[in-house]
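First up is the structure itself, then whatever we jot down about it.
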Amino acid sequence: MARTTFYPLLSLVVAASLSGACSSEIDGKPKAQVEDVKKVEAKAETKTETKTEAPAAATRTLKLDKTGSSIGFVGAKLTGDHKGGFEDFEGEATLAGDKVSALRVTVQTPSVTSDAPDLTGHLKSKDFFEVETYPTAVFTASEFVPKAGENGVTHELGGELELHGVKKAIRFPAKITVDAGGAQGQAEFTINRKDFKIEYPGKPDDLIKDEVLLKLDLKFKAG
């Protein structure tokens, strides 16, 4: 093979192998819509649409079942992914008839874990969750709009996420089911960590991506 032909082919092989090594679980996941809370509230105040009030359905409150639930995340560097999650959280959901009408989940940020002990310690520092200053993160939802999507998605959730001392309005797709045993919700979506003032860039030769994948699997049952 001529030298002029060999080197372009070698370059293509190397480029392809590097591209494969840098693929991430984050790639291709739905992106949450994140906005300032005040801006969303202002939009709501300007709406003049008249809605017909339906008869009020009986409500009941369900408690979050920690043993059957998980709150995880995936962060990515240029060289690969790191998985993590939280071990301590609580919450409740309100049902109006057979539909979820509200939920609230509170996470204890010092319970963060990861797939590497050194990283777990770093995540608790000022570079990331800053757990001593911001020991909790809270998600509340009050909108559950039926909206079918990929991977069994049934609804679009609208609410607020308070993380690292920053509160943002957030919307994302989720799968919600309600049965005699309670309610369940699953969701996978990305947020931009810089929206919540988590801005540590990573090492110069191994930068951290701005997007973080959140993975929620929440089960609620009668207390």
Side-chain angles (χ1 to χ4, degrees), residues 25-26 29-41 61-76 81-94 100 102-116 119-144 155-174 176 183-200 202 208-220:
E25 186 178 352
I26 294 175
K29 291 298 193 304
K31 182 178 180 179
Q33 177 183 330
V34 176
E35 297 183 90
D36 290 335
V37 172
K38 291 183 178 180
K39 183 181 294 186
V40 173
E41 291 175 346
T61 300
L62 307 177
K63 295 295 184 181
L64 181 61
D65 177 15
K66 285 179 60 175
T67 60
S69 301
S70 63
I71 298 177
F73 59 84
V74 179
D81 290 354
H82 276 296
K83 296 183 179 181
F86 298 92
E87 296 183 332
D88 190 4
F89 49 87
E90 60 184 7
E92 61 182 29
T94 301
V100 180
L103 68 82
R104 179 183 179 90
V105 177
T106 300
V107 175
Q108 303 299 321
T109 59
S111 71
V112 66
T113 63
S114 76
D115 53 14
L119 175 59
T120 299
H122 195 186
L123 290 172
K124 296 179 181 182
S125 75
K126 291 183 178 181
D127 287 338
F128 292 99
F129 294 112
E130 202 168 349
V131 301
E132 291 187 2
T133 304
Y134 307 108
T136 61
V138 181
F139 170 65
T140 58
S142 57
E143 291 185 65
F144 302 82
H155 290 74
E156 180 180 75
L157 270 62
E160 295 180 357
L161 174 61
E162 184 173 359
L163 173 65
H164 197 235
V166 178
K167 182 183 289 187
K168 294 284 189 178
I170 187 170
R171 305 184 73 87
F172 58 85
I176 298 176
Q184 301 180 20
Q186 292 90 30
E188 291 192 10
F189 58 93
T190 65
I191 61 172
N192 187 322
R193 61 190 175 89
K194 291 184 177 179
D195 286 338
F196 298 90
K197 298 186 184 299
I198 300 175
E199 300 177 342
Y200 177 69
I208 300 172
K209 291 185 179 181
D210 294 342
E211 293 75 23
V212 178
L213 175 64
L214 299 184
K215 305 177 71 172
L216 310 180
D217 188 353
L218 306 176
K219 295 178 174 60
F220 299 85

Note to self: Does any part of the side chain of Leu214, heavy atoms only, come nearer than 4.5 Å to the side chain of Phe172, both counted from C-beta?
What the structure shows: no

Next item on the list: Would you check if Phe144 and Leu157 make a side-chain contact, meaning some heavy-atom pair closer than 4.5 Å?
Entry: yes

Checklist line | Heavy-atom side-chain proximity of Leu216 to Gln186 below 4.5 angstrom | finding: no

Next item on the list: Taking the side chain as every heavy atom from C-beta outward, state whether Phe129 and Leu163 have any pair of such atoms under 4.5 Å apart.
Entry: yes

Using residues 84-93 as the side-chain source, report each donor-acceptor pair under 3.5 Å to any protein atom, sequence neighbours left out, with the distance given to one decimal.
unit_1	atom_1	unit_2	atom_2	d
Asp88	OD1	Lys66	NZ	3.4
Glu92	OE1	Lys63	NZ	3.0

Check: Between OG1 of Thr61 and CZ of Arg104, what distance do you get to the nearest 0.5 Å?
Finding: 13.5 Å

Item checked: Under the side chain to side chain contact (heavy atoms under 4.5 Å, CB included) test, residues paired with Arg171 that sit two or more places apart -> Gln33, Glu143, Val145, Glu156

Next item on the list: Using modelled atom types only, decide if a donor and an acceptor are shared between the side chain of Thr109 and the backbone of Pro135 within a distance under 3.5 Å.
Entry: yes

Note to self: Measuring from atom CD of Glu199 to atom CD1 of Ile208, what distance do you get when rounded to the nearest 0.5 angstrom?
What the structure shows: 12.5 Å

Margin query: Can you give me the closest heavy-atom contact between Phe73 and Thr113, atom names plus distance?
Written below: CZ-O, 4.0 Å

Margin query: Can you tell whether the side chains of Lys215 and Glu25 come within less than 4.0 Å, N to carboxylate O?
Written below: yes

Item checked: Interatomic spacing from CD in Glu211 to CG in Asp195 - rounded to 0.5 Å -> 9.5 Å

Note to self: Minimum heavy-atom separation for Ile26 and Val212, please, with both atom names.
What the structure shows: CD1-CA, 4.4 Å

Notebook entry, point to check: Do Leu161 and Phe196 touch side chain to side chain, with heavy atoms closer than 4.5 Å?
Noted result: yes

Check: What residue pairs, at least two apart or across chains, pass salt bridge (Lys or Arg N to Asp or Glu O under 4.0 Å) with a residue in residues 30-39?
Finding: Glu35-Lys43, Asp36-Lys168

Note to self: Tell me whether the count of non-hydrogen atoms from other residues, nucleotides or ligands lying under 6.0 Å of CD in Glu132 goes above 12.
What the structure shows: no

Item checked: Point-to-point distance, once rounded to the nearest 0.5 Å, from OH of Tyr134 to CD of Glu162 -> 10.0 Å

Notebook entry, point to check: Taking atom types as modelled, is there a side-chain donor on Ser114 or Thr120 under 3.5 Å from an acceptor on the other?
Noted result: yes

Checklist line | Nearest heavy-atom neighbours spanning Asp127 and His122 | finding: OD2-NE2, 2.6 Å

Item checked: Expected output: side-chain Ser69 to main-chain Lys219 donor-acceptor under 3.5 Å -> yes

Margin query: Can you tell me how far apart OG1 (Thr94) and CG (Leu62) are? Round to the nearest 0.5 Å.
Written below: 8.0 Å

Margin query: Could you tell me if the side chain of Thr136 sits less than 4.5 Å from the side chain of Gln108, heavy atoms only?
Written below: yes

Notebook entry, point to check: Between atom NZ of Lys29 and atom OG1 of Thr190, what is the distance when rounded to the nearest 0.5 Å?
Noted result: 10.0 Å

Next item on the list: Determine, step by step, whether Leu213 and Asp81 satisfy the side-chain contact (heavy atoms from CB on, under 4.5 Å) criterion, reporting the C-alpha distance in whole Å, the side-chain angles of both residues, the deciding distance to 0.1 Å, and the verdict.
Entry: CA-CA 10 Å; Leu213 175 64; Asp81 290 354; over 6 Å; no

Notebook entry, point to check: Between Ala169 and Val37, which heavy-atom pair has the shortest distance, and what is it?
Noted result: N-CG2, 3.5 Å

Next item on the list: Look at the side chain of Asp115 and the backbone N and O of Lys83, then say whether any donor-acceptor pair between them is shorter than 3.5 Å.
Entry: yes

Item checked: Test item: Asn192 and Val34 side chains (from C-beta on) under 4.5 Å apart, heavy atoms -> no

Check: Would Phe139 and Leu218 count as a side-chain contact (heavy atoms from CB on, under 4.5 Å) if you check the C-alpha gap in whole Å, the side-chain angles of each, and the deciding distance to 0.1 Å?
Finding: CA-CA 12 Å; Phe139 170 65; Leu218 306 176; 6.0 Å; no

